[in-house]
Amino acid sequence: MSKLFTKILIANRGEIACRVIRTAKRLNIATVALYSDADTKSLHVAMADEAVHIGTSAVSESYLKADRIVDAALRTGAQAIHPGYGFLSENPDFVEQVEAAGLVFIGPSASSIRAMGLKDAAKRLMEKAGVPVVPGYHGEAQDGILLASKANEIGFPVLIKARAGGGGKGMRRVESAEEFAEALASAQREAKASFGDDKVLIEKYVEKPRHIEVQVFGDNHGNAVHLFERDCSAQRRHQKVIEEAPAPGMTSEMRAAMTDAAVKAAKAINYSGAGTIEFIVDASQGLQPDRFWFMEMNTRLQVEHPVTEMVTGQDLVEWQIRVAAGEPLPFTQDDIHLDGHAFEARLYAEDASRGFLPATGTLHHLRFPPEGSSIRIETGVRQADTISPFYDPMIAKIVTKGSDRKAALDMLVSALDVTEVAGSTVNTAFLSALARDGDFANGDVDTGLIARKQEALTALPAASARIKALAALRVASIDETTSNDPWTTLSGYAHFGSTAKAISLGESGEISVSLTAETNGVWRAEVDEQTVRFSPTSLPEALASAVAWPGHVTVFDGAVSHTFIARDPIDEAADADGGAGSLRAPMPGLVKLVRAEAGSKVSKGDPLLILEAMKMEHTIAAPHDGTIAEIAAEGAQVTDGTVLVRFEETGGN
Ligand code: ADP
């Protein structure tokens with residue numbers, strides 16, 4: 001066995017940088033991370049053995065700075081660079097630059113990348129290699145009249161694609177000859193703006209299309225194998241949402257045809273490293289071996305590679321490193337087996353109900369299901385980290401495995417149910433709705449599925465009275481201990497009848513919740529003309545689903561989360577003073593019971609007095625430890641903003 005590298009640099013960030021570092025660690029390879037200004041405290045930096053600052057936050061000033069990246073590798077003594085996906089991973093000039101510096105690029109050769117870089121040239125190459133390509137025109141000539149006549153020949157509907165395209169940009173579906181000229185002009189404009197290249201190809205628009213791709217791997221010794229297929233048909237605007245392996249409904253005949261074609265494609269360009277051959281499949285009559293066509297090759301590790309790892313038991317990053325170090329492929333085709341079924345859901349900071357608008361925010365609360373043999377979490381963030389506007393807003397990939405498709409899908413639904421993110425808008429509920437969709441569950445997938453059902457899949461369920469009550473209890477800082485407190489259960493102060501709090505929550509509108517401690521430690525909440533009660537035994541578990549974060553509270557109900565703006569008038573009054581020096585009356589009222597006096601030492605949370613206002617009683621508790629300097633007198637009528645309690649200055653903290 002040849003010697004592996006002793007140190008590699010990862011020219012990426014986020015989950016994929018963390019993913020590569022994990023395997024490198026296991027192989028005893030030291031790692032160098034790169035970071036931009038926005039990533040100074042990011043997880044991938046913390047995980048790596050060393051980290052090099054590469055520039056300001058914009059990708060063009062950091063993760064795309066080839067010169068600085070090569071320089072960082074040379075300075076830190078790394079022998080190889082892993083590009084991850086995106087950024088410079090499919091840039092042949094970068095590969096040449098890395099190699100010219102005497103370093104190893106963990107990926108294919110510049111010439112392989114170039115061969116597959118433009119969709120039209122790649123299709124011509126694949127056609128020559130005997131790989132089926134989508135019927136259409138992929139010639140050099142770009143005359144408008146010629147393109148229109150080609151479209152007529154192919155037959156509508158057709159798809160115009162930018163040859164330099166990616167991410168669905170510069171792509172237009174055209175229904176009829178009349179619409180062609182305008183669609184062409186608009187595709188060309190978008191292609192020019194996005195890729196600086198307005199050349200297009202025209203394809204037959206495949207009806208009921210499924211996206212099925214084959215993972216391939218080559219080495220520098222002429223070997224190439226496949227690691228079966230993945231189905232990525234669940235897409236929204238050409239972006240993958242949930243991927244799986246193997247493809248539902250796959251037959252052995254179809255699989256043999258597709259994997260043969262994929263290996264042929266890899267061999268045609270002497271491919272080395274991890275690659276993916278993407279095929280489009282006409283599934284209008286089930287999976288038929290003569291109805292799949294090459295779309296493109298991705299010459300890098302794919303975002304969804306973990307599903308393949310789950311069903312083959314292989315570590316593709318380890319394969320990449322070994323192959324780059326000059327080793328032959330670790331396994332031959334006959335040694336690679338398919339076991340069970342796996343799903344990957346992409347958890348994003350985005351607002352599915354508003355056209356999947358990307359979101360930002362601080363992840364004040366972050367819980368994933370525990371990892372194990374059937375659940376893998378690929379993430380680049382921890383609780384308290386920020387999703388910035390600079391990079392892809394992916395939070396994590398939730399990967400599950402089962403002995404069959406149903407078991408793996410059930411596992412995914414359960415995993416999403418216990419995934420909790422507060423601080424940013426996330427797509428958990430959308431992922432869960434898709435995973436539970438009847439057609440998806442039956443494996444009846446095609447690339448139009450999400451668009452057809454978008455409204456139902458992204459609908460936001462209304463918060464129930466119980467959810468609002470839990471939010472209010474959390475905002476009021478009432479927890480499992482409070483209800484056992486003699487002050488709140490009021491055994492000694494029965495003349496007040498009850499202790500009550502008015503909490504208002506903002507969401508789209510104003511929600512008022514009144515909370516009352518009944519005897520026996522039961523909390524009663526009144527909201528939306530409904531009454532919800534929590535017994536001392538049910539409260540702790542119920543409250544575990546409600547999380548407070550600055551100015552907000554989020555209540556989790558399975559994969560659905562409800563976020564409210566927290567408006568505890570008491571807290572607002574405390575906040576107005578920075579929560580330190582004094583507590584003010586949030587509204588006019590009557591001071592009913594005073595539990596402390598000037599000079600009393602109190603601890604955070606100690607009840608200090610009760611303010612009766614708006615027909616309810618509000619317990620004013622100490623926001624922090626301290627000594628009381630001044631406190632309102634019992635029976636005093638106070639106005640809005642009156643100081644109720646003043647603390648002695650402590651001379652800083
Ligand atoms: P990009 O590189 O911009 O992502 P692709 O060629 O990979 O473009 O296609 C993206 C998606 O568009 C595919 O996954 C599929 O859903 C759809 N698509 C591509 N080609 C066709 C076609 N000929 N007919 C129908 N849908 C297509």
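For the pair E371 (side chain) and I377 (backbone), a donor-acceptor distance under 3.5 Å is present. At distances below 3.5 Å, not a single donor-acceptor pair connects side-chain atoms of H221 with backbone N or O atoms of D219. Judged by distance alone, the side chain of N12 and the main-chain N or O of P83 form a donor-acceptor pair under 3.5 Å. Between the side chain of D49 and the main chain of T31, a donor-acceptor pair closer than 3.5 Å is present. T312 contributes no side-chain N or O that, together with a main-chain N or O of L227, makes up a donor-acceptor pair within less than 3.5 Å. Judged by distance alone, with hydrogens and angles left aside, the side-chain atoms of S42 form no donor-acceptor pair with the main-chain N or O of H44 at under 3.5 Å. For K7 (side chain) and T76 (main-chain N/O), a donor-acceptor pair under 3.5 Å exists by modelled atom type. Judged by distance alone, the side chain of S89 and the main-chain N or O of G86 form a donor-acceptor pair under 3.5 Å. Listed for the Q383 side chain is a donor-acceptor partner under 3.5 Å among the backbone atoms of L366. Using modelled atom types, one side-chain atom of K25 and one backbone atom of M47 make a donor-acceptor pair closer than 3.5 Å.
Closest of all the heavy-atom pairs between A345 and L412 is CB-CD1, 3.9 Å. Nearest approach of T458 to A352, heavy atoms of both residues: CG2-O, 3.5 Å. Between E229 and P246, the closest heavy-atom pair is OE2-CB, 3.1 Å.
Looking at V426 and E350, their side chains never come closer than 4.5 Å, going by heavy atoms from C-beta outward. The shortest distance between side-chain heavy atoms of E244 and F440 falls below 4.5 Å. Looking only at side-chain heavy atoms (C-beta outward), T419 and P369 come within less than 4.5 Å of each other. The side-chain heavy atoms of F356 and Q454, taken from C-beta on, include a pair separated by under 4.5 Å. Taking the side chain as every heavy atom from C-beta outward, I212 and M250 approach each other to under 4.5 Å. Considering only heavy atoms from C-beta on, I280 stays 4.5 Å or farther from R210 through its side chain. For the pair Y85 and N298, the minimum side-chain heavy-atom distance is 4.5 Å or more. Taking the side chain as every heavy atom from C-beta outward, V553 and T563 never approach each other to under 4.5 Å.
Note on ring orientation: taking the six-membered ring where Trp is involved, the planes of F343 and H341 are tilted (angle from 30° to 60°). Between F331 and W319, the ring planes lie parallel to each other; the angle is under 30°, not in the 30° to 60° tilted range.
Listed by first and then second residue, the side-chain hydrogen bond (donor to acceptor under 3.5 Å, both in side chains) pairs involving residues 56-65 are D39-Y63 (not counting sequence neighbours).
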Going through the distances and angles, do D71 and R75 end up as a salt bridge (charged side-chain N to carboxylate O under 4.0 Å, His left out)?
CA-CA 6 Å; D71 185 53; R75 276 190 291 124; 3.1 Å; yes

Please test R346 against E243 for salt bridge (charged side-chain N to carboxylate O under 4.0 Å, His left out), starting from the C-alpha separation and ending with a verdict.
CA-CA 9 Å; R346 300 188 185 190; E243 304 98 336; 2.7 Å; yes

Can you list the steps and then say if K119 with E296 is a salt bridge (charged side-chain N to carboxylate O under 4.0 Å, His left out)?
CA-CA 6 Å; K119 289 181 202 287; E296 66 174 351; 3.0 Å; yes

Between D315 and R19, does a salt bridge (charged side-chain N to carboxylate O under 4.0 Å, His left out) hold up when you go through it step by step?
CA-CA 11 Å; D315 178 336; R19 162 75 191 86; 2.7 Å; yes

Stepwise side-chain hydrogen bond (donor to acceptor under 3.5 Å, both in side chains) check, Q215 with H305:
CA-CA 8 Å; Q215 175 72 54; H305 76 276; over 6 Å; no

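Ion pair D120/K199 not flagged as a salt bridge, since none of the NZ, NE, NH1 or NH2 atoms sits closer than 4.0 Å to an Asp/Glu carboxylate oxygen. A salt bridge does not link E378 to K397: none of the charged nitrogens lies less than 4.0 Å from a carboxylate oxygen. Residues E127 and K123 are not paired through a salt bridge, judged by the lack of any N-O separation under 4.0 Å between the basic side chain and the carboxylate. Salt-bridge check for E278 with R230: failed, with every basic side-chain N at 4.0 Å or more from each acidic carboxylate O.
In this structure, F217 has its ring center at least 6.0 angstrom away from the ring center of Y271. A ring-centre distance under 6.0 Å is found for H365 and F556.
A side-chain contact (heavy atoms from CB on, under 4.5 Å) with L34 is found for exactly one of I81, V45, I10, V52, namely V52.
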